Amino acid sequence: MAEIFAYIKHADGVADDSALELFVAAKKIAADATVTAVVTGSGADMDKICTEMAAVYNAVWKIDNAALAYPNAEVVRKALVNTLPADSIVLLPHDTFGMDLGPGLSIKMDSSFAADIVGIEGTDGGALKVIRQEFSGQVSTHVTCDIAAGAVLNIRPGVFQYDDSKAGGDVADKSGDAGDLSVKRTFLEVVEAEAGDVDITKSEVLVSVGRGIEDEDNVEIVFDLAEAMGADVSCSRPIVDAKWMEKSRQVGTSGQTVKPKVYMAMGISGSFQHMGGIKGNPFIVAVNKNTKAPIFQVADVGIEADILEFIPELQEAIEGL
Amino acid sequence: MEILVCVKRVPDTSENEIEINSDGNDIERDDLVYSVNEWDNYAVEEAIQIVDKVGGSVTVVTVGDDESEEVLRREMAMGANNGLLLTDDAFEGSDGKGIATILKGAVEKGNYDLIMTGAQADEGAAQVGGMLAAMMDYPYASLVNLIEAGDGKLKVGREIEGGNQEMNEIELPCVLSIQTGINEPRYVGIRGIRKVASVEIPELGAGDLGVDAAAIGEDAAKVKRVDYFMPDMGEGAEMLEGSTEEIIAKLIEYLKAKGGLK
Ligand SMILES: Cc1cc2nc3c(=O)[nH]c(=O)nc-3n(C[C@H](O)[C@H](O)[C@H](O)COP(=O)(O)OP(=O)(O)OC[C@H]3O[C@@H](n4cnc5c(N)ncnc54)[C@H](O)[C@@H]3O)c2cc1C
Ligand SMILES: Nc1ncnc2c1ncn2[C@@H]1O[C@H](COP(=O)(O)O)[C@@H](O)[C@H]1O
């Protein structure tokens with residue numbers, strides 16, 4: 001079995017949740033695998049992250065270089081291609097960074113690529129069997145990935161929960177192997193999201209609406225229901241893309257992270273990018289006209305209904321209490 | 001600026017409930033409504049807007065079969081100048097790397113400054129753009145939600161976690177994958193489609209593109225789908241049944257118990 005490497009995402013001296021999830025995923029590929037954490041970056045935070053990872057991973061490779069101070073995927077790719085053995089299995093989180101890095105890395109390492117892995121069933125000869133989803137989670141698939149010449153595997157965040165398992169190892173400084181890191185894409189700055197008129201991250205009850213609302217004119221009924229309930233209104237991404245609501249109301253990985261007590265998902269299919277923004281294990285009510293919508297797998301209570309009819313009826317009943 | 005936009009014909013998830021066929025080896029494809037991948041529409045709109053500002057032309061390209069021509073025509077009705085249909089039996093069964101290899105053939109036959117893809121398509125892989133860029137040795141930026149054209153380079157915003165935006169400068173030629181919300185794709189009416197109905201769309205196969213047959217198709221695919229299955233529902237939601245009044249009464253009980261009503 002080729003060596004397994006996990007790329008450790010970190011910012012401001014704090015490792016991303018994916019950092020330890022990738023260790024769990026790696027052990028699913030082979031329980032006895034030697035798994036090395038790769039930490040790239042620059043400056044004072046590096047040693048802290050490396051020490052934390054050395055407590056869990058079999059080994060840590062540290063690549064310290066001023067060009068890696070911000071994780072520009074193009075620069076990181078060069079550092080990894082120059083440092084890692086050619087037939088490595090490289091694990092990345094399937095997030096905005098992993099999507100930026102993974103596909104191109106697999107080409108440059110001449111290895112296979114599998115995206116957004118949600119399950120790992122183990123290896124059979126040179127092939128790894130994994131589980132993926134298609135059509136925003138409506139169906140699942142088993143996929144075989146030829147890993148004989150190495151692979152880049154993007155792992156869905158939050159799936160392989162860290163379980164306190166540990167190997168433990170040493171930190172090796174590989175900074176000298178990073179080589180030429182010049183690229184044709186330069187990082188400039190991060191522009192922070194603008195605050196909106198409501199702060200849904202503080203809301204205890206959210207009535208959240210998705211593409212099932214169908215038309216801008218219908219958005220009103222959601223606000224009316226929320227008012228009757230004493231709740232705030234949030235939404236899924238397509239509602240913001242269509243400019244029917246402000247970005248500050250979007251729940252999900254590229255929007256807000258909310259921690260309400262009750263979350264009412266109205267006409268939302270339940271994609272992982274949406275669900276990734278819901279924390280604190282709220283009571284989830286899903287109303288959807290498709291009983292196979294993935295949201296019903298994670299909701300506490302489900303209702304098969306047309307939200308355009310159901311929302312006004314629920315509002316009326318609540319007002320009549 | 002000469003812009004190539006890669007588009008894919010996919011089953012429209014807002015129009016279909018996706019079901020698995022009885023053999024479990026495919027989804028039920030009868031009666032499926034297809035459309036252009038949501039993300040690709042934003043990419044084409046962005047390309048048209050750039051060309052409106054700085055001049056040039058927009059070419060849309062797809063790897064598919066005869067039926068894929070309809071998505072090219074749709075994007076040409078939006079305002080793309082040219083269409084290219086890459087089709088060949090040898091392409092069948094290609095994995096993401098195979099599709100990127102075929103598209104590379106089309107890129108090399110043109111003289112494009114900018115290549116755009118959608119951020120992801122129906123399989124949720126988000127892979128073709130990044131692979132194509134690496135094969136061409138072009139710089140790449142994914143999940144782009146802002147583009148400002150400059151001289152020999154672009155300023156691009158990438159959407160990152162939490163609604164934040166990562167600003168980058170990227171040299172041309174480059175490949176960008178486009179995130180939804182970057183613009184508001186224009187509406188295409190029947191009239192628009194009719195206007196481009198008779199425009200010739202060239203078809204190119206493996207030979208025309210000069211792609212090595214050993215690098216594409218099912219035999220070259222290192223990543224293969226084995227089957228489709230319904231995800232394990234786990235505990236799943238408790239489905240409320242009965243008349244609407246009964247359902248609402250039960251729901252209100254739950255909401256009261258869980259602190260959902262003020
Ligand atoms: C990098 C990246 C980041 C992303 N970040 C986010 C994010 O932060 N937040 C987010 O939400 N998404 C995000 N997305 C998009 C995400 O993948 C999904 O596309 C999106 O969440 C789908 O929104 P939806 O559930 O409203 O729409 P759909 O998936 O289209 O679902 C609509 C649902 O409504 C149901 N429906 C339709 N009509 C009715 C009706 N009349 N009554 C009842 N039900 C009805 C349908 O059955 C369907 O289940 C991101 C995607 C990418 C690639
Ligand atoms: N068959 C195809 N033909 C043309 N472009 C494609 C094809 N498949 C994928 N793409 C492009 O690659 C993007 C990402 O798709 P994927 O990597 O499959 O998630 C899509 O939005 C398209 O722009």
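Values below: all heavy atoms of this structure, side chains included; hydrogens, waters and symmetry mates excluded. Worth saying up front: this structure is predicted, and the values here are computed from it rather than measured. Every chain is numbered from 1, with letters handed out A, B, ... down the list of sequences.
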Examine whether an atom of [X] lies under 4.5 Å from a heavy atom of chain A, and if so say whether it belongs to the side chain, the backbone or both; otherwise answer neither.
X         : value
Gln120(B) : side chain
Ala126(B) : both
Ile18(B)  : both
Lys224(B) : both
Ile252(B) : side chain
Asp95(B)  : neither

Most chain B-contacting option - heavy-atom pairs closer than 4.5 Å, from [options]:
options                                    : result
Arg211(A), Gln256(A), Arg77(A)             : Arg211(A)
Glu304(A), Met264(A), Lys243(A)            : Lys243(A)
Ile303(A), Val285(A), Asp116(A)            : Ile303(A)
Val301(A), Asn154(A), Val118(A), Asp300(A) : Val301(A)

* **Straight-line distance of Ile115(B) CD1 to Leu172(B) CG, nearest 0.5 Å** => 10.0 Å
* To do: Using a cut-off of under 4.5 Å on heavy-atom pairs, state which of Glu241(B), Lys250(B), Glu245(B), Met135(B) scores highest against chain A.
  =>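 Looking at each of Glu241(B), Lys250(B), Glu245(B), Met135(B) in turn, Met135(B) comes out on top.
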* Who among Asp137(B), Val10(B), Asp227(B) has the most heavy-atom pairs with chain A under 4.5 Å? -> Asp227(B)
Whether [X] side chain and [Y] backbone form a donor-acceptor pair below 3.5 Å:
X         : Y         : answer
Asp95(A)  : Gly98(A)  : yes
Lys9(A)   : Ser18(A)  : no
Arg132(A) : Ala115(A) : yes
Asn168(B) : Ile170(B) : no
Lys261(A) : Val205(A) : no
Ser243(B) : Glu246(B) : yes
Ser94(B)  : Gly217(B) : yes

* Could you list which of residues 313-321 of chain A have a heavy atom closer than 4.5 Å to any heavy atom of chain B, in residue-number order? =>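 Result: Glu313(A), Leu314(A), Ala317(A), Ile318(A), Leu321(A).
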Taking non-hydrogen atoms and a cut-off under 4.5 angstrom, which of [range] neighbour chain A?
range                       : value
residues 141-158 of chain B : Ala141(B), Ser142(B), Leu143(B), Lys155(B), Arg158(B)
residues 173-186 of chain B : Gln179(B), Thr180(B), Gly181(B), Glu184(B)
residues 24-42 of chain B   : Ile27(B), Glu38(B), Tyr42(B)

Can you tell whether the side chains of [X] and [Y] come within less than 4.0 Å, N to carboxylate O?
X         : Y         : value
Arg237(A) : Glu159(B) : yes
Lys247(A) : Asp241(A) : no
Glu204(A) : Lys262(B) : no

* State yes or no: are the ring centers of Phe283(A) and Tyr254(B) separated by less than 6.0 Å? =>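 Distance test on ring centres: under 6.0 Å, yes.
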* Asked: Going by the angle between their ring planes, with limits at 30° and 60°, are His94(A) and Phe272(A) parallel, tilted or perpendicular?
  ->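 Taking Phe272(A) first and then His94(A), their aromatic rings sit tilted (interplane angle of 30° to 60°).
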* Asked: Cationic tip of Arg185(A) within the cone over Tyr140(B)'s six-membered ring, i.e. under 6.0 Å and within 45° of the normal?
  ->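 Ring-cation test returns no.
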Should we say atom [atom1] of [X] is surrounded by more than 12 heavy atoms from elsewhere, each under 6.0 Å from it?
X         : atom1 : value
Asn281(A) : CG    : no
Asp215(A) : CG    : yes
Glu227(A) : CD    : no

* To do: Determine, step by step, whether Tyr228(B) and Ser140(A) satisfy the side-chain hydrogen bond (donor to acceptor under 3.5 Å, both in side chains) criterion, reporting the C-alpha distance in whole Å, the side-chain angles of both residues, the deciding distance to 0.1 Å, and the verdict.
  => CA-CA 6 Å; Tyr228(B) 280 96; Ser140(A) 294; over 6 Å; no
